[in-house]
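What follows is a short report on a single structure.
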Amino acid sequence: MTNSELFDSLDANSFYIDGADIADTKAPQVPIERRWEERRFRARLVNPANRRKLDVIIVGTGLAGSSAAATLGEAGYNVTCFCYQDSPRRAHSIAAQGGINAAKNYRNDGDSIYRLFYDTVKGGDFRARESNVYRLAEVSVEIIDQCVAQGVPFAREYGGLLDNRSFGGVQVSRTFYARGQTGQQLLIGAYQAVERQIAAGTVEMHTRHEMLELIVVDGRARGVVIRDMVTGAIETHFADAVVLATGGYGNVFFLSTNAMGCNVTATWRAYRKGAYFANPCYTQIHPTCIPVSGDYQSKLTLMSESLRNDGRIWVPKSGEDKRDPRQIPEEDRDYYLERIYPSFGNLVPRDIASRAAKNVCDEGRGVGPGGLGVYLDFADAIERLSRQTVEAKYGNLFSMYAQITGEDPYEVPMRIYPAVHYTMGGLWVDYDLQSSIPGLYVTGEANFSDHGANRLGASALMQGLADGYFVLPNTINDYLADGPFPDVDASHPAVVEAAEAVRARIDRLLSVDGSRTVDSFHRELGRLMWDYCGMERSEEGLRKALTRIRELKKEFWSDVRVLGMNEELNQALERAGRVADFFELGELMCIDALVRRESCGGHFRVESQTPDGEALRDDEEFAYVSAWEFGGEDKRPILHKEPLLYEYVEMKQRSYK
Ligand SMILES: Cc1cc2nc3c(=O)[nH]c(=O)nc-3n(C[C@H](O)[C@H](O)[C@H](O)COP(=O)(O)OP(=O)(O)OC[C@H]3O[C@@H](n4cnc5c(N)ncnc54)[C@H](O)[C@@H]3O)c2cc1C
């Protein structure tokens with residue numbers, strides 16, 4: 001029997017073991033609008049003099065990590081911070097373009113905390129935890145005040161108030177923005193706040209340091225093993241609590257809009273040490289990216305969702321119509337989102353817009369090379385608003401598009417296609433943002449977060465900053481109130497074991513001395529993930545992917561070629577370690593997708609659709625968070641389910657029509 005025949009004959013259950021259900025025990029059982037206040041009141045405090053005796057490690061300096069480091073430093077804890085870039089402000093958050101949501105209702109267009117909560121639960125296709133989402137909406141209004149106080153230059157309207165625009169999945173304007181550079185401006189704000197703490201001596205920053213292992217002592221997270229990326233030195237660092245703010249893992253797909261360095265290593269190593277990994281198969285495919293242009297491409301570029309405020313999406317009515325788009329008259333165009341979803345039009349959520357683009361391309365009506373593209377057209381907006389106004393709103397995005405494609409989007413419609421952009425999955429956390437390992441907290445994109453099966457645009461920045469500025473600083477004290485914990489040093493067996501494991505893995509990667517580059521393995525893995533665990537999934541495809549990923553992983557460990565040595569700056573070695581973890585993650589993603597025999601969010605299971613081809617959720621069977629526990633090397637993972645209860649928003653099939 002071949003490997004694939006073997007898998008075909010196995011039931012999905014044979015890929016995993018059923019574990020006990022789990023639940024969040026931290027959200028107080030009071031009405032939802034009082035939960036956060038109640039939790040803050042019940043959480044124990046640490047007095048300022050005692051905070052100076054407590055150490056916190058924060059891995060990551062994006063919006064989630066920097067905001068947490070600045071706030072915990074200001075509170076008086078001793079914070080040690082790590083990132084792999086050469087500066088904290090080069091974290092991937094800097095790439096965020098379009099904006100950040102907040103329920104300020106400046107536009108007086110019917111927005112409220114409740115509406116942001118409702119939109120997020122519905123947008124996430126009823127797969128997020130209500131308590132967390134409500135708190136996120138509540139805290140959103142404080143974030144804007146905090147950032148304005150830091151001097152973040154949000155766009156303003158003529159009266160001087162902060163301006164707002166709309167993002168997908170909502171009918172109000174609640175997105176605050178700084179042109180197409182919102183992430184950069186927010187990160188500069190958070191970075192300044194961290195720098196202030198560095199100067200004050202409360203935060204110690206280590207750049208170009210990569211966390212390669214978590215240290216768990218007596219069941220608590222107590223430190224990390226770090227590689228100095230310049231010298232190759234393996235270091236151990238200890239603390240009373242560890243925070244992972246290490247971002248998302250979209251690069252498992254090789255091609256994505258993420259920064260090239262984004263990876264899963266920190267959270268994956270924590271998973272292997274006992275932290276549950278939640279909903280790994282929930283990936284966000286963003287509808288407006290510049291299409292793939294060739295086989296040798298290694299990066300995709302996002303065209304911000306904000307463009308859907310004014311740009312209109314269309315394809316020719318006929319697949320045979322190969323005319324220059326400017327020559328195609330209105331009656332021969334299909335503005336398919338406006339046609340199918342008249343209430344939301346071009347501003348349907350990302351999952352809906354992405355699937356619709358895929359559908360028209362599958363029908364043979366796609367445009368551009370390979371037929372994998374749709375038009376995003378600004379001709380109407382330029383006529384209605386003037387070129388100058390469009391340039392003021394989106395100028396930097398237009399020039400980025402022109403530089404990459406060689407086409408002028410003021411003259412010719414942009415071509416766009418869906419691409420991997422964000423991961424809703426991540427380490428499981430409770431209401432306090434604590435993982436299943438006591439003392440290990442996870443913030444920002446690294447946790448499984450508040451977005452269910454689909455994140456609404458402009459809500460990642462909101463979540464990262466909510467976690468770092470407001471949530472974590474009010475929950476971690478409840479844990480630290482029991483500290484300081486007994487001293488740990490480098491001779492502790494758990495520390496020796498963790499550091500040795502890191503060294504052994506590096507030695508193994510360097511000694512394979514095979515014939516294939518790390519990138520060629522990564523590219524092949526990414527292709528498998530995109531084809532079988534991307535926008536559309538099927539039982540058959542996922543089984544095929546699992547077989548091939550396992551084979552490819554073996555080939556990687558016997559044939560990868562990593563040049564150079566450990567004791568130097570060695571990017572091939574860095575990438576090899578990350579890709580090795582992507583193989584294991586990819587396998588878990590496929591198993592998670594296989595088990596979830598429903599369509600939800602952007603994840604279309606071909607076996608689960610309505611008669612008119614829309615995604616069909618199955619609330620009876622799948623209204624739960626899948627929280628995976630590492631089962632051991634080459635052993636099956638254990639599935640724990642956290643049932644999702646909806647007390648405030650009625651669960652129903654989503655409609656944006
Ligand atoms: C092109 C693009 C545009 C976007 N636009 C928007 C937008 O307009 N609005 C919005 O809400 N969201 C947007 N997003 C999503 C948003 O930018 C991210 O979800 C968010 O910035 C993630 O922040 P973070 O702090 O969680 O992680 P990141 O910003 O990814 O930071 C991760 C940090 O962890 C560190 N790190 C990771 N692993 C290790 C390790 N092993 N050891 C040491 N350090 C490590 C890194 O060095 C880095 O400092 C966009 C995403 C992309 C790709």
Side-chain angles (χ1 to χ4, degrees), residues 57-69 81-102 165 167 175-187 190-191 194 205-214 224-227 229 243-251 256-270 284 286 288-290 299-306 350 397 400 419-424 426 442-447 449 451 455-465 467-468 574 577-578 581:
I57 284 175
I58 299 181
V59 187
T61 59
L63 287 174
S66 289
S67 55
C81 213
F82 300 94
C83 69
Y84 59 71
Q85 288 91 352
D86 58 357
S87 157
R89 53 161 294 208
R90 282 192 199 273
H92 161 67
S93 290
I94 204 164
Q97 300 173 348
I100 174 167
N101 288 328
R165 55 191 178 196
F167 263 50
T175 305
F176 294 76
Y177 64 100
R179 257 189 153 188
Q181 305 173 345
T182 315
Q184 178 169 354
Q185 299 306 329
L186 291 171
L187 191 58
Y191 166 75
V194 174
M205 181 66 66
H206 298 262
T207 58
R208 289 194 167 189
H209 278 67
E210 183 165 21
M211 170 192 158
L212 296 178
E213 199 53 89
L214 179 73
V224 288
V225 182
I226 298 276
R227 177 172 177 271
M229 295 159 77
V243 180
L244 297 185
T246 47
Y249 51 83
N251 280 352
S256 92
T257 63
N258 287 193
M260 295 294 284
C262 291
N263 68 90
V264 76
T265 290
T267 49
W268 192 254
R269 296 283 120 196
Q284 177 163 85
H286 196 297
T288 57
C289 303
I290 300 181
K299 173 88 185 74
L300 293 176
T301 306
L302 176 77
M303 287 287 102
S304 166
E305 178 161 325
S306 59
R350 292 175 177 179
L397 301 171
M400 196 157 77
V420 171
H421 179 65
Y422 180 89
T423 43
M424 281 78 68
V442 193
T443 60
E445 194 173 338
N447 70 26
S449 83
H451 312 294
R455 175 175 73 78
L456 291 182
S459 58
L461 303 184
M462 170 172 72
Q463 184 226 329
L465 291 181
D467 287 359
E574 290 161 21
R578 295 171 190 166
D581 288 335

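Note that ligands are numbered from 1 as they come in the structure, with each ligand's atoms numbered from 1 the same way. The structure displayed is predicted, hence computed values, not measured ones.
Closest of all the heavy-atom pairs between G444 and D467 is N-OD2, 2.9 Å. M229 approaches H209 most closely through the heavy-atom pair SD-N, 3.8 Å. The nearest pair of heavy atoms linking L300 to A419 is CD1-CB, 3.5 Å. The shortest heavy-atom contact between S304 and L397 is CB-CD1, 3.7 Å.
If you take NE2 on H286 and NE2 on H421, they are separated by 4.5 Å, rounding to the nearest 0.5 Å. Taking SG from C83 and CZ from R89, the interatomic distance works out to 12.5 Å, rounded to the nearest 0.5 Å. Within the model, atoms OG of S93 and CG of L465 stand 8.0 Å from one another, a figure rounded to the nearest 0.5 Å. Rounding to the nearest 0.5 Å gives a distance of 5.0 Å between CG of N447 and CD of Q463.
Of the protein's non-hydrogen atoms, M211 N, 3.6 Å is the one closest to atom 40 (C) of ligand 1. In terms of protein heavy atoms, atom 8 (O) of ligand 1 is closest to G98 N, 2.7 Å. Nearest to atom 51 (C) of ligand 1 among the protein's heavy atoms is H421 CE1, 3.2 Å. Of the protein's heavy atoms, A64 N, 2.9 Å lies nearest to atom 25 (O) of ligand 1. The nearest protein atom to atom 27 (O) of ligand 1, hydrogens excluded, is given as G247 CA, 3.4 Å; this is a heavy-atom distance. When hydrogens are left out, the protein atom nearest atom 20 (C) of ligand 1 is S93 OG, 3.8 Å; that is the closest non-hydrogen contact. The nearest heavy-atom contact from the protein to atom 17 (O) of ligand 1 is A96 CB, 3.5 Å. Nearest protein heavy-atom contact of atom 22 (C) of ligand 1 is E445 OE1, 3.6 Å.
Between L461 and ligand 1, an N or O atom pair is found at a separation short of 3.5 Å. At least one N/O-N/O distance between Y84 and ligand 1 falls below 3.5 Å. At under 3.5 Å, not a single nitrogen or oxygen of G248, backbone or side chain, sits near a nitrogen or oxygen of ligand 1. At under 3.5 Å, a nitrogen or oxygen of Q97, whether backbone or side chain, sits near a nitrogen or oxygen of ligand 1. The shortest N/O to N/O separation between T443 and ligand 1 does not fall below 3.5 Å. In terms of N/O distances under 3.5 Å, ligand 1 is not approached by N258.
Only backbone heavy atoms of S459 (N, CA, C or O) come within less than 4.0 Å of ligand 1; its side chain stays farther off.
Under the 4.0 Å criterion applied to side-chain N and carboxylate O atoms, E445 and R455 are not assigned as salt-bridge partners. Ionic pairing of R227 and E210 is not present here: no N-O contact between side-chain nitrogen and carboxylate oxygen is shorter than 4.0 angstrom.
For ligand 1, the atoms sitting less than 4.0 Å from at least one non-hydrogen atom of Y422 are 19 (O), numbered in the order shown with element in parentheses. Counting the atoms of ligand 1 from 1 in the order shown, those under 4.0 Å from a heavy atom of L302 are 1 (C), 2 (C), 3 (C). Listed by number with element, the atoms of ligand 1 under 4.0 Å from a non-hydrogen atom of H209 are 42 (N), 43 (C). For ligand 1, the atoms lying closer than 4.0 Å to a non-hydrogen atom of T61 are 33 (C), 48 (C), 49 (O). Numbered from 1 in the order shown, with element, the atoms of ligand 1 that lie under 4.0 Å from a heavy atom of G444 read 26 (O).
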### Message
Please determine whether side-chain contact (heavy atoms from CB on, under 4.5 Å) holds for the pair L461 and L63, giving the CA-CA distance in whole Å, both sets of side-chain angles, and the decisive distance to 0.1 Å.
### Response
CA-CA 7 Å; L461 303 184; L63 287 174; 3.4 Å; yes
### Message
Assess the residue pair I290 and M400 against the criterion (side-chain contact (heavy atoms from CB on, under 4.5 Å)); give the C-alpha distance rounded to whole Å, side-chain angles, the decisive distance to 0.1 Å, and a yes or no.
### Response
CA-CA 10 Å; I290 300 181; M400 196 157 77; 6.0 Å; no
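Not a single heavy atom of T265 sits less than 4.0 Å from an atom of ligand 1. Assignment of R455 to the shell around ligand 1 is supported, since a heavy atom sits closer than 4.0 Å. At a 4.0 Å cut-off, not a single heavy atom of G183 sits close enough to ligand 1 to count as contact. No heavy atom of T182 sits closer than 4.0 Å to any atom of ligand 1.
For the side chain to side chain donor-acceptor pair (under 3.5 Å) criterion with E305, the lone passing option out of R165, Q97, R350 is R350.
Which of A245, G60, A91 comes nearest to atom 32 (C) of ligand 1 through a heavy atom is settled by distance: it is A245.
Side-chain polar atoms of S256 and N251 form a donor-acceptor pair below 3.5 angstrom.
When side chains are defined from C-beta on, M211 counts as touching L244, because their heavy atoms get closer than 4.5 Å.
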